[in-house]
Amino acid sequence: MRYGKKAAALLLAGLVGTTSLIPASTAWAATGWVSEGSQWKYIDQDGSVHKGWVKTSDGTFYFLDLSTGYMATGWKQINGNWYYFHSNGAMATKWIQNGGKYYYLMDDTGILVKGWLKIGNDYYYMKGDGSMATGWREMDGGWYYFKENGTCVIGWGKVGNDWFYFGSDGKMVTGWKQIDNAYYYLNGDSKSVLGKMMTGWLSDGTNKYYMDTSSGKMAHGWKEIEGSWYYFNDSGHMLTGWIQLSNVYYYLDPSTGKMAANTTLTIDGKSYTFASNGAYQGNGSAPTATPANGGSDNTPGGRDTSGSNNAGPGGTSAGNDTLSGTPGSSSNDTPGGSSNSSNNGVYQLSPGLTTGPG
């Protein structure tokens with residue numbers, strides 16, 4: 001009897017020891033995930049190694065290599081599409097960061113996105129390798145700018161110390177642009193920073209303009225600049241010579257455009273006195289000075305500005321924010337001077353170039 005018990009104990013010990021030596025991946029092992037070293041496989045109910053896609057009860061997708069059956073991790077190309085699998089084998093969706101770059105995998109399929117991506121109201125661009133674009137990017141015949149978070153800038157955007165404007169399609173705008181009833185000039189010269197909002201004095205070779213140094217808005221009407229008053233018509237041209245506004249005559253220096261004020265000047269051999277607000281003191285009579293050609297823009301009232309602004313020097317720079325003419329609308333308005341140099345602080349416009357920022 002003692003012998004029988006001892007023999008039974010030894011036999012049981014032998015079975016346990018034998019069982020511990022059986023690989024987990026044998027045909028009669030439990031179904032589900034099993035490991036082989038650092039790799040994982042999935043065993044089906046019939047004991048075979050699963051290959052291809054697996055969807056677990058919690059809705060997570062995994063992929064088992066079609067040749068080896070090993071669970072995929074990292075990047076994997078399947079049927080021509082790229083997927084990413086986390087270190088635990090779960091298929092990634094939406095945003096992931098890998099190797100210092102961001103990628104987006106479709107919510108429902110896990111396929112890597114390339115090209116334009118819209119999420120909510122924001123646009124992103126995923127490059128050829130699927131990584132998210134940031135900074136400047138030239139494509140589709142234009143320049144785009146993407147913030148550090150990848151969103152495409154639409155409307156005004158500041159890059160470094162410069163302002164740029166991007167259309168509703170995301171493309172950077174160059175040349176004249178009307179925005180909310182104000183005009184701006186976005187640099188069209190590739191020798192400088194293309195697309196940069198220009199400020200200060202501009203010239204198209206025929207006319208001078210002034211863009212507010214803070215806002216970039218084109219001046220029209222009266223504008224005080226560095227202690228002197230100037231007048232700009234609705235197209236933004238700085239006027240010179242005699243002008244008539246609300247039946248008051250003013251004189252703007254033919255060379256500089258500065259308004260004469262609190263002084264007496266000899267013009268074409270005749271003496272004229274101007275009040276501190278620039279109004280000609282002639283007891284209501286028109287000045288008799290007439291240019292030699294009789295019909296140039298220096299003739300009082302020769303430019304139709306009456307009624308466009310009733311504010312004299314010291315008033316607002318614009319009495320009506322809706323301009324009747326765009327920059328470049330009249331015969332001499334079109335920007336396009338060939339000079340790209342700066343003369344006496346006046347930037348010479350050269351629009352129409354489309355080479356890229358900086």
Trainee: Is it the case that one hydrophobic cluster holds both Met132 and Tyr123, taking links as side-chain heavy atoms less than 4.5 Å apart, direct or via other members?
Mentor: no
Trainee: Give a yes or no on whether Glu148 atom CD has more than 12 heavy-atom contacts from other residues, nucleotides or ligands under 6.0 Å away.
Mentor: no
Trainee: For Thr73 and Ser87, test the side chains for any donor-to-acceptor distance below 3.5 angstrom and give the result as yes or no.
Mentor: no
Trainee: Parallel under 30°, tilted from 30 to 60°, perpendicular over 60°: which one fits the rings of Trp176 and Tyr209?
Mentor: tilted
Trainee: Determine the minimum heavy-atom distance between Thr109 and Tyr83, stating which atoms define it.
Mentor: O-CE2, 3.3 Å
Trainee: Same cluster for Ile111 and Tyr84 if Ile/Leu/Val/Met/Phe/Trp/Tyr side chains link at under 4.5 Å?
Mentor: no
Trainee: With a 4.5 Å cut-off on side-chain heavy atoms, are Tyr251 and Tyr272 touching?
Mentor: no
Trainee: Whether the side chain of Lys114 engages the backbone of Gly128 through a donor-acceptor N/O pair (distance < 3.5 Å, no angle test) should be reported.
Mentor: yes
Trainee: Would Met172 end up clustered with Trp156 when hydrophobic side chains under 4.5 Å apart are linked, directly or stepwise?
Mentor: no
Trainee: In the structure I gave you, are the side-chain heavy atoms of Thr174 and Trp143 within less than 4.5 Å of one another anywhere?
Mentor: no
Trainee: Enter the distance from Asp122:CG to Cys152:SG here, rounded to the nearest 0.5 Å.
Mentor: 9.5 Å
Trainee: If I take atom OH from residue Tyr102 and atom OG1 from residue Thr134, how far apart are they, to the nearest 0.5 angstrom?
Mentor: 11.0 Å
Trainee: Is it true that atom CG of Asn79 has more than 12 heavy atoms of other residues, nucleotides or ligands lying nearer than 6.0 Å?
Mentor: no
Trainee: To the nearest 0.5 Å, what is the distance between CD1 (Ile96) and CG (Leu112)?
Mentor: 7.5 Å
Trainee: Judged by atom type as modelled, is there a donor-acceptor pair below 3.5 Å linking the side chain of Asp140 to the main-chain atoms of Gly142?
Mentor: no
Trainee: Using a 6.0 Å cut-off, check whether atom CG of Asn161 has over 12 heavy atoms from anything other than its own residue.
Mentor: no
Trainee: With a 4.5 Å limit on heavy-atom distance, are the side chains of Tyr231 and Leu245 in contact?
Mentor: yes
Trainee: Transitively linked via ILVMFWY side-chain contacts under 4.5 Å: Leu66 with Trp40?
Mentor: no
Trainee: For the residue pair Trp53 and Met91, establish whether any side-chain heavy-atom pair is separated by less than 4.5 Å.
Mentor: yes
Trainee: Can you tell me which residue among Thr264, Thr263, Asn262 is in a side chain to side chain donor-acceptor pair (under 3.5 Å) with Thr273?
Mentor: Thr264
Trainee: Using only atom types and a distance under 3.5 Å, with no angle test, would you say the side chain of Ser203 pairs donor to acceptor with the backbone of Gly205?
Mentor: yes
Trainee: Any side-chain heavy-atom pair from Tyr104 and Lys94 closer than 4.5 angstrom?
Mentor: yes
Trainee: Could you label the plane-to-plane angle of the Phe146 and Tyr125 rings as parallel, tilted or perpendicular, counting under 30° as parallel and over 60° as perpendicular?
Mentor: tilted
Trainee: Can you find a pair of side-chain heavy atoms, one from Phe85 and one from Phe63, that are under 4.5 Å apart?
Mentor: yes
Trainee: Identify the two heavy atoms, one from Ala92 and one from His86, that lie closest to each other, and give their separation to 0.1 Å.
Mentor: CB-NE2, 3.5 Å
Trainee: Can you check side-chain contact (heavy atoms from CB on, under 4.5 Å) on Asp65 and Lys76, steps first, answer last?
Mentor: CA-CA 10 Å; Asp65 187 90; Lys76 180 76 172 178; 2.9 Å; yes
Trainee: Fit a plane to each ring of Phe232 and Trp201, take the angle between them on a 0 to 90° scale, and name the class: parallel (under 30°), tilted (30 to 60°) or perpendicular (over 60°).
Mentor: tilted
Trainee: How close do Ala261 and Ser276 get, counting heavy atoms only, and between which atoms?
Mentor: CB-O, 3.6 Å
Trainee: Could you pull out the closest heavy-atom pair between Leu194 and Asp189, with the gap in Å?
Mentor: CD1-N, 3.9 Å
Trainee: Do Ile119 and Trp95 have side chains that get closer than 4.5 Å, going by heavy atoms?
Mentor: yes
Trainee: Could you check whether atom CG of Asp107 has more than 12 heavy atoms from other residues, nucleotides or ligands sitting under 6.0 Å from it?
Mentor: yes
Trainee: Would you compute the distance between atom NZ of Lys223 and atom CE of Met218 and round it to the nearest 0.5 angstrom?
Mentor: 11.5 Å
Trainee: Hey, is CE on Met106 packed in by over 12 heavy atoms from elsewhere, all under 6.0 Å?
Mentor: no
Trainee: Counting only heavy atoms not in Lys127, do more than 12 sit closer than 6.0 Å to its NZ atom?
Mentor: yes
Trainee: Do Lys258's NZ or CZ and the ring of Tyr230 fall within the cation-pi criteria of under 6.0 Å and 45°?
Mentor: no
Trainee: Closest approach of Val248 and Ala279, non-hydrogen atoms and distance?
Mentor: CG1-CB, 3.6 Å
Trainee: Flag yes if Val193 and Val153 sit in one hydrophobic cluster, no otherwise; membership is Ile, Leu, Val, Met, Phe, Trp, Tyr, and two members link when side-chain heavy atoms are under 4.5 Å apart.
Mentor: yes
Trainee: Please check if any side-chain donor atom of Ser235 sits under 3.5 Å from a side-chain acceptor atom of Asn233, or the reverse.
Mentor: no
Trainee: Is the Phe166 ring parallel, tilted or perpendicular to the Trp136 ring (thresholds 30°, 60°)?
Mentor: tilted
Trainee: How far apart are the closest heavy atoms of Tyr103 and Asp129, and which atoms are they?
Mentor: CE2-O, 3.5 Å
Trainee: How long is the span from the CG atom in Asn207 to the CG atom in Leu202, to the nearest 0.5 Å?
Mentor: 11.5 Å
Trainee: Examine Tyr280 together with Trp242 and report whether their ring centres are nearer than 6.0 Å.
Mentor: yes
Trainee: Using the side chain to side chain donor-acceptor pair (under 3.5 Å) definition, which of the options Glu36, Lys41, Lys51, Gln39 pairs with Tyr70?
Mentor: Glu36
Trainee: Which distance, rounded to the nearest 0.5 Å, do you find between the OH of Tyr184 and the CG of Asp212?
Mentor: 9.0 Å
